[in-house]
There are 2 protein chains.
Amino acid sequence: MLNQHFIDMCGQKSVIRELFMYGKERAAEIGYENVFDYSLGNPSVAPPQSFTDEMIKLLQESEPVSLHGYSPTLGIDSVREAIAKSLNDRFDMNYEKKDIFMTSGAAGAIAHAARAVTVPGDEIITFAPFFPEYRPYIEETGAKLKIVPADISSFQINFDAFLDMLNEKVMAVLINSPNNPSGIVYSTETIDKLAMILTEKEEEYGHPIYIISDEPYREIVFNGCDAPFVAAHYNNTLTCYSFSKSLSLPGERIGYIAVNPACGDSALIVDMCGQISRGTGHNCPPSIIQLAVSKCLYETSDLSVYEENKNILYTELTKLGFEIVEPGGTFYMFPKSLEPDAVAFCNKAKDFDLIIVPSDSFGVPGHFRISYCIPTEKVKRSIAAFEKLAALYN
Amino acid sequence: MLNQHFIDMCGQKSVIRELFMYGKERAAEIGYENVFDYSLGNPSVAPPQSFTDEMIKLLQESEPVSLHGYSPTLGIDSVREAIAKSLNDRFDMNYEKKDIFMTSGAAGAIAHAARAVTVPGDEIITFAPFFPEYRPYIEETGAKLKIVPADISSFQINFDAFLDMLNEKVMAVLINSPNNPSGIVYSTETIDKLAMILTEKEEEYGHPIYIISDEPYREIVFNGCDAPFVAAHYNNTLTCYSFSKSLSLPGERIGYIAVNPACGDSALIVDMCGQISRGTGHNCPPSIIQLAVSKCLYETSDLSVYEENKNILYTELTKLGFEIVEPGGTFYMFPKSLEPDAVAFCNKAKDFDLIIVPSDSFGVPGHFRISYCIPTEKVKRSIAAFEKLAALYN
């Protein structure tokens, strides 16, 4: 018989997806240029030309049977080697091929990492505000996802609440910095404090506690922001990366897990991920996409537009009276809504054709997410709409 | 702590993979041209030029942000529509977009299908000889995989043994025709008899019993072979397809599930697959690969070489005294080994630089698999090696 669990999941609509669909319908009515759709976190800038060139070169010049042939389950050797080297060059680490597992984006990375370091019934802690898809990524493994309430003054870690939640069943802590939805980057101080606590608790509990570090926005960090490479601060780190944002390739589903070799079990964990993928039918990301990104590891799309958009929105919305913790990266910000009910607030925004996402599904009340991966001219034109929205509350 | 279950899986080496590695080492010693490596089921002919052309055209002419943007979880609408239409055109079916779920190859398709139609503890039956990866694809869902012993006279279904194994916990039957490793295609008579039995048992048990039809070799069928489209013979069929073999794209991980709309729950099952993929981090196959294959749905690689190779091997090996059920498709055959111990036999074959796979991991003793997706000239030269091998037993 059909599995009722998955039928029940079908009923849980995504707020973000519904707002996006509303925005599309509204655009059909009044014109795309008149709808300020801040709902989706889809990159708005093209991939670097070098990615397109590498793809075409592979297609034109490689022997096609081997180009499109099976990748080893753990990923293509040369690709894993190139990724290890690029991390070592950029973050002064010691990765080798054996420490890298190729995945279908960060989603695949997190789902594999969580299965590797837990058994059903174990706990994984994450911190609000958090990406809502963490629930299925973690809970479908059989582990429990526990949420530490937000420190809304800074969106750094609420350590008191975290300490209260730690217990022997916690096998991993899932962090996301730069953060979706707040745009905040965890400081070196935050990461070092987290590492210190986990090291103490590992000793107390007699088992490792891994950091699963979800880093799809690692390359989108704004001028002057302190953005530590997490694995450099904590040995038991599984870094989950996606090229979706840095190379503007969300649809091509390509990323990796890098297991810090200093954790001692990195090759084993990578091998385990290969076994996990056998059972989920994942069986490695596409060969040609692996090969193409491996030639673009030191490049990004032109990400400067996101900082420009952030600066405009942060300045203008602050002037309008919005309370905002200034983002250090990503293409998100997470202001307080002007009334406690974020859903009601975001519904009112629709009257001005502003599509913004209420904070509740991110685990925080009374805020809203702006995904400012849209053209800058549209960001500028949207300020008048925010002004009208704010005027309702004055 | 690390999940011991996946650590234990790491210890289970693949016989096929080990033989392939042996073949590579031997080729380094004595030259690639002198090793007759029949171990791997990797296509040996290029993808159709139209696939390469479509990929380049997409890269050169499409707006890159939307080309590489997120695919909907169920797959790109136009791709799902094109696949439904191609199946209707070719097999006189009534698929619509809602019945198609895009997957990472047939592996992803089977893993999703099995999760949709079972809960942990349920049973799925398959038939020896069977693809060894069915074990992780099924058992990692929590369902049990039960194996019906082979009918070695024909490699059609051993119905007596199947009837003995049916019970109320059986929610699905997993078939693979054309078959890896036997190369046999289930006849219309076989499929109709299977459909009749399942229909009776559905009534008796009061729940559906799905056929999960694994069809990556559907397009590799030899002249004159009766090769029914399974879903046309049984409403509750989930057709799992991969473009790996027909378009020679195994590394690009692209396939689909087509749920027969006549089953009544097709749109629900497809939606469930979308939910399943959230939990495994699958989140749809790459956009550009989806788009490119959707332009090549009526094409294949030049598959004629496989039939030519089959003809040579079947004729010559039969002359040498091998007992073989003649394949109706694929690029495999599954002769009886010349001694009961298939592993010992395949080890002796290595002395003549013949790399063939013992049958045990396919669930049948005393046979071996030949994957004849290698150049025809090499097939011809390998006959002398088979002759020397056979001479050991005369």
Side-chain angles (χ1 to χ4, degrees), chain A residues 1-3 6-7 9-10 42-47 52 55-56 59-60 64-65 68-71 103-105 107-112 115-119 133 136-137 140 171 207-208 248-253 265 268-269 271-272 275-276 278-289, chain B residues 1-3 6-7 9-10 42-47 52 55-56 59-60 64-65 68-71 103-105 107-112 115-119 133 136-137 140 171 207-208 248-253 265 268-269 271-272 275-276 278-289:
Chain A
M1 265 171 294
L2 299 183
N3 187 315
F6 297 117
I7 295 176
M9 282 176 78
C10 290
N42 235 341
S44 59
V45 293
T52 303
M55 286 285 286
I56 293 173
L59 289 159
Q60 285 177 335
V65 171
H68 301 298
Y70 280 115
S71 155
T103 66
S104 294
I110 295 168
H112 279 78
R115 282 171 173 79
V117 303
T118 65
V119 295
E133 289 298 293
Y137 297 164
E140 294 301 303
M171 296 299 162
H207 64 70
S248 299
L249 299 173
E252 307 309 354
R253 317 303 309 131
D265 279 326
L268 175 62
I269 292 172
D271 277 354
M272 290 168 71
Q275 299 303 321
I276 292 164
R278 289 172 76 196
T280 62
H282 162 262
N283 279 15
C284 68
S287 297
I288 190 171
I289 311 281
Chain B
M1 264 170 296
L2 298 183
N3 187 314
F6 298 117
I7 295 176
M9 282 176 78
C10 290
N42 235 339
S44 61
V45 293
T52 304
M55 287 284 286
I56 292 172
L59 289 158
Q60 285 177 336
V65 171
H68 300 297
Y70 280 115
S71 156
T103 66
S104 294
I110 295 167
H112 279 77
R115 281 171 173 79
V117 303
T118 65
V119 294
E133 289 298 293
Y137 297 164
E140 294 301 304
M171 296 298 162
H207 64 70
S248 300
L249 299 173
E252 307 309 355
R253 316 304 309 132
D265 279 327
L268 175 62
I269 292 172
D271 278 354
M272 290 169 71
Q275 299 304 322
I276 292 163
R278 288 171 76 196
T280 62
H282 162 263
N283 280 14
C284 69
S287 297
I288 191 171
I289 311 281

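So that the names make sense, note that chain A is the first sequence line, chain B the second, and so on, each numbered from 1.
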What's the separation between atom CE in B/M9 and atom CG in A/D271, rounded to the nearest 0.5 Å? 12.0 Å
Between A/P250 and B/G69 the two heavy atoms that sit nearest each other are CG-CA, 4.0 Å
For A/T103, enumerate each residue passing the side-chain hydrogen bond (donor to acceptor under 3.5 Å, both in side chains) test, keeping only those at least two apart in sequence or located in another chain. none
Could you list the residues that satisfy side-chain hydrogen bond (donor to acceptor under 3.5 Å, both in side chains) with A/S248, not counting sequence neighbours? A/S301
Once rounded to the nearest 0.5 Å, what's the spacing between atom OG1 of A/T118 and atom CE of B/M1? 11.5 Å
Pick whichever of B/C284, B/G105, B/A109 has the most heavy-atom pairs under 4.5 Å with chain A. B/C284
Do B/R278 and A/E140 have side-chain heavy atoms sitting under 4.5 Å apart? no
To the nearest 0.5 Å, tell me how far B/T52 OG1 sits from A/I56 CD1. 12.5 Å
Output the distance between atom CD1 (A/I289) and atom CD1 (B/I289), rounded to the nearest 0.5 Å. 5.0 Å
Taking all atoms of both residues into account, what is the closest heavy-atom pair of A/R253 and B/Y70, and its distance? NH1-CE2, 3.9 Å
Do A/N3 and B/I276 come close enough that some side-chain heavy atom pair is under 4.5 Å? no
How close do A/F6 and B/M272 get, counting heavy atoms only, and between which atoms? CB-CE, 4.0 Å
Which of A/P208, A/S104, A/P47, A/S71 touches chain B most, by non-hydrogen pairs under 4.5 Å: A/P47
Counting heavy-atom pairs under 4.5 Å with chain B, the top scorer among A/L2, A/V117, A/T280 is A/L2
Cut-off 4.5 Å, heavy atoms of chain A, and the answer for B/A116 is backbone
Closest non-hydrogen atom pair between B/V65 and A/P43, with its separation: CG1-O, 3.3 Å
Tightest non-hydrogen contact, residues A/A111 and B/G281, listed as CB-N, 3.9 Å
Taking all non-hydrogen atoms of both residues into account, name the closest pair between B/E252 and A/P286 and its distance. OE1-CB, 3.3 Å
Proximity breakdown for B/I110 and chain A, heavy-atom pairs closer than 4.5 Å: neither
